Novice: 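Just dropping this structure here.
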Amino acid sequence: MAVSVNVGTVVEALKILITPRESGSTAHNPDKQAALLSTLQFNVSSLEEELKQVSKWEALVTLRERVSKDAPGFHESLQEDPSWKFTSVALLLLRCLKECMIELAKSFQPPKPNLRTPEAAPPLSPDTLSVAQQKTVQSVLQFVVSMGICPYLLPGIGLPLQRRSEFGALVCSMVSCDLPQVRTRRLYIACMSLLEVSHHSSLGSLLFTQHLGDLMAGLCQLGYCPANQGTQESLKALSESERGQCKEALRGLLDQLYQPLVIRELLVLQGGPRQGPRPSGAAAPLQRAPAPAWLRRLSGQLLSERLMRPNGVQAVVRGILEDAGAGVAGGREAEAAASNWKKCDAIAKVLASCPQQSITVEEYYRKVCPQILDLLHIQNTLTARQFQRVATETFLKIGREQPQLAEKYLIMPMLKPLLYCTTTEADKAPDPGETLVSESALSQCIEDIVKVFVVGNDPTVAILNFSRQLLLVIFSLYCFARQNASHIRSACQDILLWFLEKSDRESAVSALAGLSGLESSLPSLPHSSYIKPGSEGGAMIAIREDRSEDDEDALYERVTGEQWRLQCLVDLLSINPHNGLAADFFLYCLKSLTPITAGEESPGLSPSPEDSLLDIERKLTLRYQSGEKKLQLLQVLSVLCERISDSIFTDVKQVVEFVLMTLERACTSLATSEGGTVASETLSMAMGLIAAMLGAVELTSADFGYLKQLIPVLEKVMESHPEPVIQELASDLRVTIATHCAVPLTKRTHNDSDTEKKDTRPKTQDQRLNKDADLQNIQEILSSARDPDVPTRAAALRSLTRLLEQRHPQVTEHREQVMQVC
C-alpha cells in the first residue's frame, strides 16, 4: 500500500518533539534534571495532542500504528519512564520517516532531460531532505543515541557519555533503570530501530557519520558480552536468535561502511589505557575506564580481519591518519606534524606485528606485505608522505624481526624489475628489439629503493647485500641519465652515495672497483641489452638488435662509453671529498699497479710446446683479458689523477699508505731499471711529502704508529740508493719518525752537507748556535727554495717558515724575495 505521508510532515512532527518549550513545571526550576524530564514529558504530550486534533496528521498516525505493530517492544514501557518514552516516540517517527522516504523514492520517475538545456540540473528525488530537515533529523538522532544507547552501555564499552558534554552528564544522571533485563531490552530496541532507519541511504549517512561508534558499542555488548560481565537476568532479556541477529548486524556494518571510519571506531572500542597503581595521596586521573578483556579481544579480531582484507592496510592507515590534520587548522602545524610522525611509527609497529588471530605468521605477511608496498605509490600529495613513512617503517621493522619473510614478500617483489635484469638467462631473454624492463616499472623500482633504503636509512646486512647486487645496474642508469634529461638521475645518485657511505670501507672500495671495471664481482646488465630513453622522461632497458662485435661503430661506442663511465664515477667521488673514499680507491688502484710496474705476469699464461690448440687458445684469451685489465687500470688512474683534487687525502694513514706504496714501487723500479731517473724523482717526491708533513702537521701517537711502517722501506732506500742526498734524507726521516720528532729533521742543503762533512771539530752549545745561524744564510735558503729537487725545496721552505715565525731580521731585509718564493 502506497504511503501518502509527505516527508515534510514527518520532519515537522519530529521538530515538535525536540523543540524546547516551557511548561508550568519547568519555569524557574533550578533543578536541571527535573527541568529536562519535565520538558521531555511536555513535548511528548504536546505532540500527541497535536496528532489528535489536526487532520493533516491522520496519514502519519496511521503509518505510525502500522510501524509500531511491525516493531514489537515499543508498547511495553511507554508510560513510566519519561526519557524512554521520549526515545520510543522519536524512534517510531524516525522509522516512519524511513518508510515514507523509501516509498517516495520507489514511485519517483525522473523526466527525460531536455536536450536544449543540457546544463540544467536534474530534478531532485522527492525523498531528498533539505538542509533544515537534515539538522532536525540530526538533532533527533542525537537525542535517541544519548538516551537510548549510551546510558545502557556497561563501563568501559565505548566513550562515556558523561565525558562528552555537560548535557551528556545530565542525561546519564537522569536515566535511572536498575533492572538489567529492562536495560538490555531497551538497548536492543534502540539499536535495531536505528539499524532499520539506516536502510535509507540518506538517513544512514546522517546516523553513521556521527553515531557509528555508539551503535557498534551497543551491538558488541548485545551480541558478545559474556555471562560473567553482567547478570543472568540481562542475558535472559535476549534470545539466542536475537543475540545472533546483533552479531550479524555488526558484521554487516563492518563490511559495508567506509573502512577507515570502521577501523577508527574499532580502535576506540579497544578502550583507554589500563589503570595502573596510583601513588598514595595522588588524585585520581580523569581517564576512561579500560575496555573489558572480551571487548579488547573482539576488537583485535575484527581489526585483524579488516587488515587482511584487500586494501585493509590502507584502510587502517587512513582510519588513523585522516583526522591528523585537525591541529593544523588551529595554528599548531609543527605540533601536528610531530604527532603525525608518531602515529605513523605506531601504525608501522602494529602492521609489523602478526596478530594472534592470524593462521600463521607467513600467511599474515603474504597478505599484508603487497599492501605495504602499495602504500609507497600513493599519489595524493597531502597524504603521500605519511603513507610512505608508514610503509618504510613497516618494511624495516619486518626486515629486522622476520628477515627471511621480509626478503620473500617485501625485498624481492620491490626489486623484481632490476633483479630481473641481472638474472635473465640467455634462453629466457626477450627477442632482439623487445623491452626487458618498462619505463614505469624501472622508475617505480628506483623510487621505492630511495624511499625504503635511502630515506629509511637502516643499512642492515640484507639491505646492503641486495643494494650491492643492483649497484652496477643503477650506476649504468646514472651514467645514462647524466647524458640525458631524466628524472631518475638524482634518485640513482642518492642510492649510489648512500651505499658507498653506509658500507664498510673495504666493501665500498670493492664496489668502486666493480663500477670502474677493475673487478667483475658485481652483477651487470645482460651483454645484449642497452638503456634507452622513455617517453615520460625516464629510461627503459631493451634488447639490442644483433650486430657484429667487430663493427667500428660498436667499438667506438664501447670505448667512449667506458671513458664516460669513468668520468661519472670520479664525479660521484667528488661529491663528498672529505669522507676519504676517493683516496682509498686511489690507493687500491696504486696497489694493483705495483705488479705491473715490476713487470710481473700471471703464471701459467705462456703457451708451451706440449699445449693443445684449446689450451693455447685459452691461455691467449686469458693473456688478452689480463692485458685489457692492465689498460683499464691505467685508464682509471689517469682519470683519477686528472679529475680528483690534490686534497684527496684526508688523514695521515692515507698519506703514509700512499708514500709506502710509492717508495716500494720506486725501490722495485730502481732495482730493475738501468737509469733509475724515474725512481729517484719518485723517491724525492715521496720523502719530501713526509718531510713536509712532519714539519707542518701536529701528529698524534696513532699517527706515528702509521709512520713507523715507513722505517723498513726508508732503511732499504738508505742502504741501496746510489745518491748521497737521498740516502741522507732517508736516514733523517727514519730518525725523526722513530723518535716521534724528538730529533727534528735536519734542514740542510747540498752545500750545508758538504760543509758539515769538512768541519768535524767538536762544538760547544754556543758554537753550535752560531753555526746554525751562519748556516741560515737567507740567500742560500732562498736559492734552495727554488731547487727542483723536492726534498731540498721542502727543507728550505720549512726553514723560511721558521724564520718568518721568529720575525728574523734577514727575512725583513729580503721580504720581496721571500714573498716571491712563498
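Just so we're clear, the structure is a prediction, and the values are computed from it rather than from any experiment.
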Novice: Evaluate side-chain contact (heavy atoms from CB on, under 4.5 Å) for Leu321 paired with Ile347, printing each intermediate quantity in order.
Specialist: CA-CA 9 Å; Leu321 295 180; Ile347 297 171; 3.9 Å; yes

Novice: Side-chain contact, heavy-atom cut-off 4.5 Å: Ile449 with Cys445?
Specialist: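 A side-chain contact under 4.5 Å exists here.
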
Novice: Taking Trp564 for the side chain and Cys479 for the main chain, is one N or O donor matched with an acceptor at less than 3.5 Å?
Specialist: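 Pair found, side chain donor or acceptor close to backbone of Cys479.
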
Novice: Taking the basic N atoms (NZ, or NE/NH1/NH2) and the acidic carboxylate oxygens, is any pair closer than 4.0 Å for Arg366 and Glu363?
Specialist: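 Looking at Arg366 and Glu363, the cut-off is met.
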
Novice: With no hydrogens and no angle check, do the side chains of Gln709 and Glu657 hold a donor and an acceptor under 3.5 Å apart?
Specialist: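 No donor-acceptor contact under 3.5 Å links the two side chains.
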
Novice: Would a distance-only check, ignoring hydrogens and angles, find a side-chain to backbone donor-acceptor pair under 3.5 Å from Glu519 to Ala511?
Specialist: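 Flag not set: sc Glu519 to bb Ala511 has no pair under 3.5 Å.
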
Novice: Show your working on side-chain contact (heavy atoms from CB on, under 4.5 Å) between Asn579 and Glu501 and close with a plain yes or no.
Specialist: CA-CA 8 Å; Asn579 62 3; Glu501 177 186 354; 5.9 Å; no

Novice: Within the side chain of Glu536, is there an N or O that forms a donor-acceptor pair under 3.5 Å with the backbone of Ser440?
Specialist: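 Checked: no pair found.
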
Novice: Where do Leu640 and Cys589 come nearest, in terms of heavy atoms and distance?
Specialist: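 Looking at all heavy atoms of both residues, the shortest contact is CD1-SG, 4.1 Å.
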
Novice: Rounded at 0.5 Å granularity, tell me how far CD in Glu362 sits from NZ in Lys367.
Specialist: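 Rounded to the nearest 0.5 Å, the CD-NZ separation comes to 12.5 Å.
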
Novice: Using a 3.5 Å distance criterion without hydrogens, assess whether the side chain of Ser528 forms a donor-acceptor pair with backbone atoms of Ile543.
Specialist: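 Here the side-chain-to-backbone pair does not exist.
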
Novice: I'd like to check Phe475 versus Cys492 (side-chain heavy atoms, cut-off strictly below 4.5 Å). Are they in contact?
Specialist: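 Result no, sub-4.5 Å side-chain heavy-atom pair not found.
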
Novice: Does the side-chain hydrogen bond (donor to acceptor under 3.5 Å, both in side chains) test come out yes or no for Gln314 and Arg318, once each step is laid out?
Specialist: CA-CA 6 Å; Gln314 190 174 142; Arg318 290 188 183 277; 3.1 Å; yes

Novice: Is the side chain of Gln379 donor-acceptor paired with the backbone N or O of His377 at a distance under 3.5 Å, no angle test?
Specialist: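 Checked: pair present.
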
Novice: Would you mind reporting whether Val350 and Leu307 have side-chain heavy atoms less than 4.5 Å apart?
Specialist: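 When only atoms from C-beta onward are counted, Val350 and Leu307 do not touch, as no gap falls below 4.5 Å.
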
Novice: Return the minimal non-hydrogen interatomic distance between Ser516 and Leu569, and the atom names on each side.
Specialist: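 Closest pair (atom of Ser516, atom of Leu569, distance): CB-CD2, 3.6 Å.
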
Novice: Can you find a heavy atom in the side chain of Leu500 that is under 4.5 Å from one in the side chain of Asn576?
Specialist: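 Sidechains of Asn576 and Leu500: no contact.
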
Novice: With a 4.5 Å cut-off on side-chain heavy atoms, are Leu405 and Leu410 touching?
Specialist: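 Of all side-chain heavy-atom pairs linking Leu405 with Leu410, none is under 4.5 Å.
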
Novice: Looking at Arg309, is its backbone amide N or carbonyl O close enough to the side chain of Gln371 to form a donor-acceptor pair, meaning the two atoms are under 3.5 Å apart?
Specialist: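 Between the backbone of Arg309 and the side chain of Gln371 there is a qualifying donor-acceptor contact (under 3.5 Å).
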
Novice: Any non-hydrogen side-chain atom of Thr662 less than 4.5 Å from a side-chain atom of Leu689?
Specialist: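 No, too far: nothing below the 4.5 Å cut-off.
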
Novice: Applying the ring-ring contact (aromatic ring centres under 6.0 Å, His included) criterion to Phe658, which one of Tyr588, Tyr706, Phe649 satisfies it?
Specialist: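 Only one option passes, and that is Phe649.
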
Novice: What distance do Leu376 atom CG and Asp448 atom CG have between them, rounded to the nearest 0.5 Å?
Specialist: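 One finds 5.0 Å between CG of Leu376 and CG of Asp448.
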
Novice: Check for a donor-acceptor pair, side chain of Thr392 on one end and backbone N or O of Arg389 on the other, with a separation under 3.5 Å.
Specialist: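 No: the side chain of Thr392 does not pair with the backbone of Arg389.
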
Novice: I'd like to know whether NZ of Lys397 has more than 12 heavy-atom contacts from other residues, nucleotides or ligands below 6.0 angstrom.
Specialist: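 Yes.
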
Novice: Closest approach of Tyr478 and Arg489, non-hydrogen atoms and distance?
Specialist: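 Smallest interatomic distance, heavy atoms only, reads CD1-O, 3.9 Å.
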
Novice: Start with the C-alpha distance between Asp703 and Lys653, add both sets of side-chain angles, then the distance that settles salt bridge (charged side-chain N to carboxylate O under 4.0 Å, His left out), and finish with yes or no.
Specialist: CA-CA 7 Å; Asp703 296 333; Lys653 180 181 178 181; over 6 Å; no

Novice: Could you grab the distance from atom CD1 of Ile463 to atom CZ of Arg400, nearest 0.5 Å is fine?
Specialist: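 The distance works out to 8.5 Å.
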
Novice: Assess whether atom CZ of Arg468 is packed by more than 12 heavy atoms of other residues, nucleotides or ligands within 6.0 Å.
Specialist: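 Check passes, neighbour count above 12.
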
Novice: Quick one: sort the Phe453 and Phe395 rings into parallel, tilted or perpendicular, breaks at 30° and 60°.
Specialist: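 Aromatic pair Phe453/Phe395 classed perpendicular.
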
Novice: Would you name the heavy atoms of Ile737 and Phe704 that are closest together and state the gap between them?
Specialist: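 It is O-CD2, 3.9 Å.
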
Novice: How long is the span from the CD atom in Gln493 to the SG atom in Cys568, to the nearest 0.5 Å?
Specialist: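 So the gap between those two atoms works out to 10.5 Å.
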
Novice: Check whether any side-chain N or O of Ser476 sits under 3.5 Å from a backbone N or O of Leu472 as a donor-acceptor pair, and report yes or no.
Specialist: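 Looks like yes, one N/O pair under 3.5 Å.
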
Novice: Any donor-acceptor pair under 3.5 Å linking the side-chain atoms of Glu506 with those of Ser510?
Specialist: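 No.
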
Novice: To the nearest 0.5 Å, how far apart are CG in Asp504 and OG in Ser507?
Specialist: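 The OG atom of Ser507 is 3.5 Å from CG of Asp504, to the nearest 0.5 Å.
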
Novice: Start with the C-alpha distance between Leu471 and Ile474, add both sets of side-chain angles, then the distance that settles side-chain contact (heavy atoms from CB on, under 4.5 Å), and finish with yes or no.
Specialist: CA-CA 5 Å; Leu471 206 63; Ile474 294 175; 5.7 Å; no

Novice: Going by heavy atoms in the side chains, are Val317 and Leu375 under 4.5 Å from each other?
Specialist: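 Sidechains of Leu375 and Val317: in contact.
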
Novice: First locate atom NE2 of His487, then atom CD of Glu447, and finally report the distance between them rounded to the nearest 0.5 Å.
Specialist: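 Rounded to the nearest 0.5 Å, the NE2-CD separation comes to 6.5 Å.
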
Novice: Checking Leu515 against Leu522 for the side-chain contact (heavy atoms from CB on, under 4.5 Å) test, could you report, in this order, the C-alpha distance in whole Å, the side-chain angles of both residues, the deciding distance, and whether it holds?
Specialist: CA-CA 8 Å; Leu515 297 180; Leu522 298 179; 3.9 Å; yes

Novice: Whether the Asp571 and Ser574 side chains hold a donor-acceptor pair (N or O, under 3.5 Å, no angle test) is what I'd like checked.
Specialist: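 No, no side-chain donor-acceptor pair sits under 3.5 Å.
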
Novice: Which heavy atom of Met540 sits nearest a heavy atom of Thr435, and at what distance?
Specialist: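 Looking at all heavy atoms of both residues, the closest pair is SD-OG1, 4.3 Å.
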
Novice: Between Glu393 and Lys349, is the closest basic N to carboxylate O distance under 4.0 Å?
Specialist: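 No, no charged N to carboxylate O under 4.0 Å.
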
Novice: Would you check if the side chain of Thr394 reaches a backbone N or O of Ala352 as a donor-acceptor pair within less than 3.5 Å?
Specialist: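 Here the side-chain-to-backbone pair does not exist.
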
Novice: Specify the closest pair of heavy atoms between Gly580 and Gln654, including all atoms of both residues, with the distance to one decimal.
Specialist: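 Distance-wise, the nearest heavy atoms are O-NE2, 2.9 Å.
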
Novice: With side chains defined as the heavy atoms from C-beta onward, is the minimum distance between Phe480 and Asn484 less than 4.5 Å?
Specialist: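 Counting from C-beta outward, Phe480 and Asn484 do come under 4.5 Å.
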
Novice: Which residues pass the ring-ring contact (aromatic ring centres under 6.0 Å, His included) test with Tyr530, sequence neighbours left out?
Specialist: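 Per chain and number, Tyr530 pairs via ring-ring contact (aromatic ring centres under 6.0 Å, His included) with no residue.
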
Novice: For Lys502, look at atom NZ and say whether over 12 heavy atoms of other residues, nucleotides or ligands are found less than 6.0 Å away.
Specialist: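 Yes - once you tally the heavy atoms of other residues, nucleotides and ligands closer than 6.0 Å, there are more than 12.
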
